[in-house]
There are 2 protein chains.
Amino acid sequence: MARDDEQMTIGALGQATGVGAETIRYYERIELLPQPARTAGGYRIYRPEHVRRLNFIRRSRELGLSIEDVRELLSLARDRLRPCARVDRLVRDHIHDLDHKIDDLQKLRAALQRLADSCRGGGRVSECRILEALQEAEETLAEPAVPCAEEECVERRAGDKARARRERPA
Amino acid sequence: MARDDEQMTIGALGQATGVGAETIRYYERIELLPQPARTAGGYRIYRPEHVRRLNFIRRSRELGLSIEDVRELLSLARDRLRPCARVDRLVRDHIHDLDHKIDDLQKLRAALQRLADSCRGGGRVSECRILEALQEAEETLAEPAVPCAEEECVERRAGDKARARRERPA
DNA sequence: CTGAAGCCTGCAGTCACTACAGGGTCAAGC
DNA sequence: GCTTGACCCTGTAGTGACTGCAGGCTTCAG
């Protein structure tokens, strides 16, 4: 039935899809990939359908979809008669998220640029405008032309912060 | 010496800076904030200099600087005679990182938009172009006009992926 | 039959918090 | 002095999505 040259170990599946073996095992653990057959010695054996599914996962992740989004897409894809509005919705929502994120990063960038512009790097730390700005009152870092009530600003900043946190570790 | 009304508990420090008490304790644990004095009963007592330092940290974090960046800034700020070129450099590097990140997100957005445009949400899952595109070959998602050798793309995608991962949880 | 490459499981670490459980402390009011 | 309730303490575990490692087992070519 099954031709031997269609079967592959976890390393070969990784090669075929660009996903590391550790990650494949992780996907199996969280039940994003089904448990594959095993050799007598316990090695996982994969088949072409695993390659397809893993590629689907990888591409979705590359587009920034979360594991839970991918899980939903895979589940939606199984029921071939279901209307695909939900698939469409998921992708559009994600685009919307991205727009927000891009906007936030651009605001952040502008604030940093203002900070950097206040310093030419020639002086001493004691008179460094960057450090002063970080130490001093809020206005120094606020956007110049946007009027905004105190509490709203604090709230928005908290949001920025939560998002900013994820940006850095990359 | 110390006036009583300048002292505060962790909750008051949190109020004064907009940083949660749990986070303040976390900052102390990782030695970003110095260990404060304690009451006989073990309560932390903070003073105005803690408010200043914590505000510095919060503002830096809001600008997307990592904890390690903040640590370096704080350390640089202590030596007031040192030239501030390094401070300047750190901020400019971060702006550079942000530019990359914004660029990546914009590419991601464009790819998702192409995907979404291929589907109007009216059909069935079985003929959904989004799911097909995710299942099929690389070209479907690639940017139309950018020629790029296979391996380079894979490498770049791996980078995008690493970055994309952090974007989602927000 | 041997040796190297590859695979196995399970667990710890990443980043920057956040959220608890199960207790102790403090200040105000009675 | 006592009670109440808000606040604080420590320690630990969880988040997302992996990544890395130790210590051992399997496979297959030579």
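Chain letters run A, B, ... following the sequence lines, proteins first, then strands; residues in each count from 1. Atom set for the values below is all heavy atoms of this structure, side chains included, hydrogens, waters and symmetry mates excluded.
Between A:Tyr26 and D:dG16 there is no side-chain polar atom (N or O) within less than 4.0 angstrom of OP1 or OP2. When the side-chain nitrogen and oxygen atoms of B:Thr9 are compared with OP1 and OP2 of D:dC7, none of them lie within a distance under 4.0 Å. Listed pair B:Tyr27 / C:dA16 fails the phosphate criterion, with no side-chain N or O lying under 4.0 Å from OP1 or OP2.
Atoms CD1 (A:Ile24) and C1' (D:dT19) sit 14 Å apart, rounded to a whole Å. Rounded to whole angstrom, the span from the CG atom of B:Leu65 across to the P atom of C:dC15 amounts to 16 Å. Atoms CZ (B:Arg38) and C1' (D:dC7) sit 15 Å apart, rounded to a whole Å. If you take CD of A:Glu28 and C1' of D:dC18, they are 15 Å apart, rounded to a whole angstrom. Straight-line distance from the CD atom of A:Glu68 to the P atom of D:dG16: 7 Å, rounded to whole Å. Rounded to an integer number of Å, the gap from B:Arg58 CZ to C:dA16 P is 17 Å. Between the CD atom of B:Gln15 and the C1' atom of D:dC7 there is a distance of 12 Å, rounded to whole Å. As rounded to whole Å, 13 Å separates atom C1' of D:dC7 from atom CZ of B:Arg44.
To the nearest 0.5 angstrom, A:Ser60 atom OG is 9.0 Å from A:Glu62 atom CD. Distance check, rounded to the nearest 0.5 Å: CG of A:Leu112 to NZ of A:Lys107 gives 14.5 Å. Note that the CG atom of B:Leu98 and the CG atom of B:Asp93 stand 11.5 Å from one another [nearest 0.5 Å]. Atom-to-atom distance recorded for A:Arg71:CZ and A:Leu73:CG is 12.0 Å, nearest 0.5 angstrom.
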Quiz prompt | Contact state string [nucleotides 23-30 of chain D, B base, S sugar-phosphate only, - no protein heavy atom under 4.0 Å] | solution = ---BS---
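Exactly one residue among A:Ile24, A:Val19, A:Ile45 makes a side chain to side chain contact (heavy atoms under 4.5 Å, CB included) with A:Ile10. That residue is A:Ile24.
The number of heavy-atom neighbours closer than 6.0 Å to CZ of A:Arg89, taken from other residues, nucleotides and ligands shown, is 12 or below. Heavy atoms of other residues, nucleotides or ligands lying less than 6.0 angstrom from CD of B:Gln15 number 12 at most. Remark: B:Arg38 CZ is packed, more than 12 non-hydrogen atoms of other residues, nucleotides or ligands lying under 6.0 Å away.
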Review item, nucleotides 19-23 of chain C N/O atoms under 3.5 Å of protein N/O:
residue : atom : partner : partner atom : Å
C:dC20  : N4   : B:Glu22 : OE1          : 3.4

For residues 30-37 of chain A, which side-chain donor-acceptor pairs fall under 3.5 Å, sequence neighbours excluded?
none

